[in-house]
Amino acid sequence: MIDPDVAAWILDFLLRQTLDDSLVHRLILSLPIPAPSPSSPLHRTLILRRLSSDLSRRSLSPRTLHSLELLSSLPRPSSAAALRAAYAAVAADLTVKPLRPSSRGGDDDGGGGGGGEGGGEGEFYDAVNRIWNCRVADLEAAAEGAEGAEAAAGLVSPELRATRREMEEAVVDATVRAGLVVRYTEERAFQAVRVYLEEAWKELGPSFLELAAEALIGMAKGKGLEMENPNSSKPSPEEGSRLLELVNHSGTVNKRGKEIIEENTHEWDDLFGSPLPANPVEEPHVSYPQKGKDSLLVKDNNQFILRKRRKKWSSLEEETLRKSVERHGVGNWKFIKQCHPSIFKDRTEVDLKDKWRNLVRH
DNA sequence: TTAGGGCTAAGA
DNA sequence: TCTTAGCCCTAA
């Protein structure tokens, strides 16, 4: 059995190599690492790796935005200017995406819901609401208030505020909308993320294993334990693969890990404590309890039914609900949930409605 | 998807 | 035992 600290060093090293995503997924499941705390170096490496993965798959999604938000909330946010630029570019790209000719779909769009003319605009309005009137508005509010001000200020820039105004204008003006499509290209967003990642990886420096290896080599040469020269030669991807093989043969793949690999789910997100779907529409609905630690069996009329385990509302959930209702009004429960997927990850729209009923009752 | 009635676990 | 909060069911 590998020591958790050693496992974390191995993972931290391998995450920086050009390994295939599926291998990284298997690694995360195989190694006995606890969920990294936001202050641990591994946390930053994991988020950067997830972002790199989005870039290499050329797939920018709300998950990408979430990664950038997480990075800005870390104790010492790296490459602040590039991070702000990447956030603004990705937010704009995700909003404008439905307006691009390639996304509007032909007659075989198969997506249902809307379709036809105006479908792209509909999705655009929805994205403006979700990203700019909700997500970015929250950041701006937080940047001005005391709560999370530092993290939010790391993302809020004059450029972001200007783009938000532009998006609002585009909702009512077709000419502005057309301008957005020309200006906010997908390539522009990719480029901004690429620039940020280059800077961030550079700032991160070598992994602990690399430093240790250098020190060992130094010792072998009789030079003592010097841990300098961070840009010395990195182990090759092949070496990373061999190490991975070693880990896989150590027999530490747990049962749950195997199940998840078989189900091909998104193992990354488990490590961040707040799974975020690539597309909010695909978010799993939690209204029907499933067997597990979050459910309990209750006897009802001589038959057992599965019931969701009672979970007290946290002050963060309560406060978020209050602010959301203030901003978006009563009754928009689904929208409010979509605005705060990580905070309300364990709640259904009905839960939000029920909680609000309780809040106004007393 | 939402509103509203009703049930029940938890705690005073 | 009573109240409250969280959850479920059903109709629209």
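Residue numbering restarts at 1 for every chain, and letters A, B, ... go by the order of the sequence lines.
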Exercise. With respect to A/Glu140, which candidate in A/Arg165, A/Arg327, A/Arg164 satisfies the salt bridge (Lys or Arg N to Asp or Glu O under 4.0 Å) definition?
Worked result: A/Arg164
Exercise. In a check of salt bridge (Lys or Arg N to Asp or Glu O under 4.0 Å) between A/Asp93 and each of A/Arg100, A/Arg183, A/Arg58, A/Arg188, which one passes?
Worked result: A/Arg100
For this session: Would you kindly check whether a donor in the side chain of A/Lys355 faces an acceptor in the base of C/dG6, or vice versa, at under 3.5 angstrom?
Result: no
For this session: Mark yes or no for a side-chain to base donor-acceptor pair under 3.5 Å between A/Arg309 and C/dG6, with no hydrogen or angle criteria applied.
Result: no
[X] has an atom [atom1]; how far is it from atom [atom2] of [N], in whole Å?
X	N	atom1	atom2	answer
A/Leu352	B/dG4	CG	C1'	16 Å
A/Leu321	C/dA5	CG	P	14 Å
A/Lys353	B/dG4	NZ	C1'	6 Å
A/Trp313	C/dT4	CH2	P	19 Å
A/Lys312	B/dG11	NZ	P	10 Å
A/Trp356	C/dT4	CH2	C1'	18 Å
A/Lys308	C/dC7	NZ	P	5 Å
A/Asp351	C/dC8	CG	P	7 Å

For this session: Would you mind classifying the nucleic acid contact of A/Lys334 as base, sugar-phosphate or nothing, using non-hydrogen atoms under 4.0 angstrom?
Result: sugar-phosphate
For this session: Please work out if A/Arg361 contacts a base, only the sugar-phosphate, or nothing of the nucleic acid, heavy-atom cut-off 4.0 Å.
Result: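 No contact.
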For this session: Decide side chain to side chain donor-acceptor pair (under 3.5 Å) for A/Thr348 and A/Trp333; before the verdict, give the C-alpha distance in whole Å, the side-chain angles of both, and the deciding distance to 0.1 Å.
Result: CA-CA 9 Å; A/Thr348 66; A/Trp333 312 118; over 6 Å; no
Exercise. A/Arg310 side chain: which of C/dC7, B/dT1, C/dC8 is closest?
Worked result: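 For A/Arg310, the side-chain atoms sit closest to C/dC7.
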For this session: Check every atom of B/dT2, C/dA5, B/dG5 against the side chain of A/Asn358 and return the nucleotide holding the closest atom.
Result: C/dA5
Problem set entry | Heavy-atom side-chain contact between A/Asp351 and A/Asp346 under 4.5 Å |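 No - every pair of side-chain heavy atoms lies 4.5 Å or more apart.
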Exercise. Is A/Phe190 close to A/Glu187 at the side-chain level, that is, under 4.5 Å between some pair of heavy atoms?
Worked result: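 Result yes, sub-4.5 Å side-chain heavy-atom pair found.
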Exercise. Quick one: is A/Trp333 getting a side-chain N or O under 4.0 Å of the B/dA3 phosphate, OP1 or OP2?
Worked result: yes
For this session: Report yes if a side-chain nitrogen or oxygen of A/Arg347 is closer than 4.0 Å to either non-bridging phosphate oxygen (OP1 or OP2) of C/dC7; otherwise report no.
Result: yes
